[in-house]
Amino acid sequence: MITRSVASVDSLTWQEQLAGSIRDPKELLHFLKLDSLELDSPELNSPELETPGTESLLGQALAASQDFQLRVPMAYLQRIVKGDINDPLLLQILPLKEELRGAPGYTADPLDEQTANPIPGLIHKYHGRVLLIVSPNCAINCRYCFRRHFPYQDNKPGRNEWQQALDYIAGDDSITEVIYSGGDPLAASDKQLLWLTEEIAQISHVKRLRVHTRLPIVIPDRITDHCLHWLTSTDLLTSLVIHSNHPNELDHHVEAALKKLSNAGVTLLNQTVLLSGINDSVETLQALSEKLFQVGVLPYYLHLLDKVKGAAHFEVSDQLAKQLLTELMARLPGYLVPKLVREMPDHPNKVPLI
Ligand code: SF4
């Protein structure tokens, strides 16, 4: 087993950190000092997880990561408290046996994206906006991810294939906004992103570029000068939507990366997925909004979980979600309260709950 040191992260480029992500459950549990934890431990809040042969945390993690691999880089891992099985960052990345249980209404493609995927790498679902799967890769595999079963192998355009997507956008003058998505679009190189952005900027009816990414949270070193260059040198109006679910994710490295972006004039928004056992308390959501604003990020969306197969154990009821938002509104000024929404297939927009 490779033994890694936290200190070594500081000397690595973001690409090296990405390539060196932990994918082996055994290594993860060893690093976090959880390798001897058994499921019947009173420390573990998962009373239903008892099946012969997979009692250990390692057995669960190995079984549940067959379908959707474990992936977590050291820069994120070092924010997880060692020995704490209920750490809210750990619970986002740890494969558990609950993922293997079926649940009514939970499917592989909960948003029916494959019907809105006219050409490889492009999803056209909402009026005026198209989404490009710029990179099939992520820096981290979030266990609740609604694209955990997405057919990335059919959506991996190279530069030549991108021409089809660019022609599609150029041929529809109702498209005024292009959204970079993934995977994580910032897993692509800055050279590729500069090229794609310049191509899109030449299409006169496209006015805005939006980048949805979790990378500044997961590997803050991703925010390089080259990254700032393509984000800010274009005539497109650019915004970056980060994806943070918990205030513990925002350590001083992340804060520095976000400040770099906001100081460069990039509009920064955040979206959060409401996750049972992770951020379903008003105190956590309040702390997240306040911490985000300190570093120039406005809370944008609080999403109800998309019903993707394997993620049912993260579900928060509508009733609790509404109650949390009501309490949040009573504690914070309006601009720090995200919109509570659900995304639904065949619906022309996200649906607000309150
Ligand atoms: S970073 Fe985003 S796309 Fe990637 S696994 Fe996490 S939620 Fe899914």
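Both ligands and their constituent atoms are indexed starting at 1 by order of listing.
The contact set between ligand 1 and Arg214, taken as ligand atoms under 4.0 Å from a residue heavy atom, comprises 1 (S). Atoms of ligand 1 lying under 4.0 Å from any heavy atom of Gly183, numbered from 1 in the order shown and given with element: 3 (S).
By the 4.0 Å heavy-atom criterion, Asp184 is excluded from the residues contacting ligand 1.
Taking a cutoff of 4.0 Å between a charged side-chain nitrogen and a carboxylate oxygen, Asp318 and Arg342 qualify as a salt bridge.
In terms of protein heavy-atom proximity, atom 2 (Fe) of ligand 1 is closest to His243 ND1, 4.3 Å.
The option from Ala139, Cys145, Cys138 that lies nearest to atom 8 (Fe) of ligand 1, judged by heavy atoms, is Cys145.
Judged purely by distance below 3.5 Å, without hydrogens or angles, the side chains of Arg210 and His212 pair a donor atom with an acceptor atom. In the model, Asn270 has a side-chain atom that pairs as donor or acceptor with a side-chain atom of Thr272 under 3.5 Å.
Residue Cys142 counts as close to atom 6 (Fe) of ligand 1, with an N, O or S atom under 2.8 Å.
Here the CH2-CH2 distance, from Trp162 to Trp195, works out to 8.5 Å after rounding to the nearest 0.5 Å.
Outside the 6.0 Å centre-distance limit, the rings of His149 and Phe68 are not counted as a close aromatic pair.
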